[in-house]
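Here is the structure we will look at, set down as structure tokens.
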Amino acid sequence: MNGLHVQNGHLPNGNSHGLSMFDPRDYDELLQITDVVRNQVDLKETPSIGIICGSGLGDIGDCIKEPQVLSYKKIPGFPSTSVVGHKGNMIFGYLGGKYVVCMQGRFHPYEHGMDLALCATPVRVMHQLGIKTLIVSNAAGGVNPAFNYGDLMVIKDHIFMPGLCGFSPLVGINDPRFGPRFVSIHDAYDINLRRLALTVAQEENIRIQEGIYVMCGGPQYESPAEVMYFKTVGADALGMSTCHEVTVARQCGIRVFGFSLITNIANTDADNSVEVTHEEVLVAAKEAGFRACSFVTKIIERIE
Ligand SMILES: O=P(O)(O)O[C@@H]1C[C@H](O)[C@@H](CO)O1
């Protein structure tokens with residue numbers, strides 16, 4: 001065990017700089033964290049599905065039945081969540097008739113020194129808890145001209161900008177217990193889950209799109225010229241998260257479903273642009289809360 005200090009049987013949280021004292025690439029250290037989680041909740045069964053709530057989409061966690069809520073503050077190694085709209089709770093309980101674990105709040109690389117492995121820690125912990133399927137959500141700016149404010153977008157594929165620039169959660173030592181050194185990202189977003197989601201949306205009368213999500217580094221929103229660049233290379237929606245989590249999930253063989261809530265339409269012309277704010281992102285997410293909950297619940301009901 002490297003660099004991990006056990007105090008009174010508990011591992012410490014990250015320090016005041018948000019940097020963690022544990023090594024998120026160390027399988028055994030993560031096992032300890034997972035054990036601390038297990039010891040603080042009365043698990044009804046092994047959770048089969050993990051959920052990560054995007055900005056303002058914490059309502060999904062609030063829909064969970066018989067919830068057991070564990071604050072991230074009680075999970076050693078988990079850094080703080082500083083972004084408004086990310087409550088920082090790990091919730092166990094039932095959704096759509098399945099036992100799930102839900103991360104009501106995520107760690108964004110821009111909050112934590114671009115330490116992508118640290119930010120993907122919840123996925124590795126959920127893997128050790130036994131999940132087989134991960135549902136990731138995010139707020140994103142729409143680039144595709146057919147998209148409207150408030151649309152949901154099933155993620156078909158992604159462009160992981162930090163990953164392409166060497167900021168991958170898989171950089172560094174690789175413990176084969178997490179999965180292979182080299183991971184193929186050819187089918188990251190499970191096609192059967194995507195089809196199921198499109199069917200559910202149609203049945204529930206939810207406006208749905210399908211497209212390519214781009215993870216930028218953030219925290220600044222993209223300039224109109226940058227948006228045009230991404231549009232040219234095939235982007236449909238822009239955000240600042242998700243791809244690091246999906247990459248780690250795929251390494252450990254978890255199947256993934258991802259969706260974006262289009263909270264704003266990204267600017268494409270500096271002469272006709274509007275300010276983008278996190279406040280409007282949160283308003284859009286609040287308006288979509290009920291829809292997002294029923295979408296996720298109905299999908300989970302039908303997951304085999
Ligand atoms: O956690 P997500 O990806 O939903 O958060 C988005 C991206 C930024 O963190 C923030 C910008 O408003 O919302």
Side-chain angles (χ1 to χ4, degrees), residues 18 50-62 72 78-90 102-116 118-123 134-143 147 149-155 158-163 167 169 189 211-223 226-227 230 235-249 256-267 274-289 291-293 295-296:
I51 303 166
I52 299 179
C53 302
S55 280
L57 290 168
D59 281 5
I60 298 168
D62 292 336
Y72 290 175
F78 270 37
S80 55
T81 47
S82 62
V83 178
V84 180
H86 292 263
K87 286 186 183 165
N89 291 321
M90 190 172 193
C102 174
M103 298 290 165
Q104 204 176 35
R106 66 153 47 91
F107 306 124
H108 302 88
Y110 62 75
E111 294 176 88
H112 301 292
M114 292 309 279
D115 185 339
L116 280 96
L118 172 67
C119 292
T121 297
V123 177
L134 177 67
I135 298 178
V136 278
S137 61
N138 58 57
V143 177
F147 288 9
Y149 171 88
D151 283 355
L152 296 183
M153 183 192 87
V154 169
I155 303 177
H158 70 213
I159 300 175
F160 180 13
M161 289 303 287
F167 289 96
Y189 300 87
I212 311 294
Y213 173 83
V214 177
M215 176 183 178
C216 301
Q220 72 286 349
Y221 295 104
E222 301 72 28
S223 73
E226 288 164 348
V227 174
F230 287 120
D236 294 297
L238 304 180
M240 305 177 196
S241 70
T242 303
C243 298
H244 57 302
E245 299 155 348
V246 171
T247 301
V248 162
V256 174
F257 171 68
F259 71 96
S260 301
L261 168 69
I262 304 301
T263 54
N264 57 288
I265 300 302
N267 291 298
V274 293
E275 189 184 8
V276 183
T277 68
H278 189 56
E279 288 66 39
E280 72 178 311
V281 167
L282 294 177
V283 168
K286 193 164 181 49
E287 283 173 16
R291 231 171 335 128
C293 276
F295 182 57
V296 171

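Quick note: residue numbers are just sequence positions, from 1. Side chains are part of it too, since the values below use all heavy atoms of this structure and drop only hydrogens, waters and symmetry mates. Each ligand, and each atom within it, is numbered from 1 in the order the structure gives.
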Legend entry - ligand 1 N/O within reach of Ala139 N/O, cut-off under 3.5 Å: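 Min N/O separation from ligand 1 is below 3.5 Å for Ala139.
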
Legend entry - Any N/O pair Thr242/ligand 1 closer than 3.5 Å: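 The answer is no, given that Thr242 and ligand 1 share no N or O pair closer than 3.5 Å.
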
Atom indices of ligand 1, in the order listed, that fall short of 4.0 Å to a heavy atom of [X]:
X      : value
Val281 : 12 (O)
Tyr110 : 8 (C), 9 (O)
Tyr221 : 11 (C), 12 (O)
Ser241 : 1 (O), 2 (P), 3 (O)
His86  : 1 (O)

Could you tell me whether the side chains of [X] and [Y] share a donor-acceptor contact shorter than 3.5 Å?
X      : Y      : answer
Asn138 : Ser241 : no
Asp62  : Gln104 : yes
Glu226 : Tyr221 : no
His158 : Thr242 : no

Inset, instruction - Around atom 6 (C) of ligand 1, find the nearest protein heavy atom and jot down its residue, atom name and distance. - result: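 Here the closest protein heavy atom is Ser55 OG, 3.4 Å.
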
Inset, instruction - Starting from atom 1 (O) of ligand 1, locate the nearest protein heavy atom and write down its residue, its atom name and how far away it is, to 0.1 Å. - result: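 Minimum-distance protein heavy atom for atom 1 (O) of ligand 1 reads His108 NE2, 2.6 Å.
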
Inset, instruction - Taking the six-membered ring for Trp and the full ring for Phe, Tyr or His, determine whether the centres of Phe167 and Phe160 are under 6.0 Å apart. - result: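 Not close enough - the centres of the two rings lie 6.0 Å or further apart.
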
Legend entry - Check: Phe107 ring centre within less than 6.0 Å of Tyr72 ring centre: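 Ring centroids of Phe107 and Tyr72 are less than 6.0 Å from each other.
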
Inset, instruction - First locate atom CD of Glu245, then atom CE of Met215, and finally report the distance between them rounded to the nearest 0.5 Å. - result: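 Taking CD in Glu245 and CE in Met215, the distance rounds to 8.0 Å.
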
Legend entry - Non-hydrogen side-chain atoms of Val296 and Phe259 separated by less than 4.5 Å: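 Result yes, sub-4.5 Å side-chain heavy-atom pair found.
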
Legend entry - ligand 1 versus Asn138: contacting region, heavy-atom distance under 4.0 Å: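 Both backbone and side chain.
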
Inset, instruction - Look at atom 2 (P) of ligand 1 and find which of Glu280, Arg106, Glu111 reaches it with the closest heavy atom. - result: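 The residue whose heavy atom sits nearest atom 2 (P) of ligand 1 is Arg106.
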
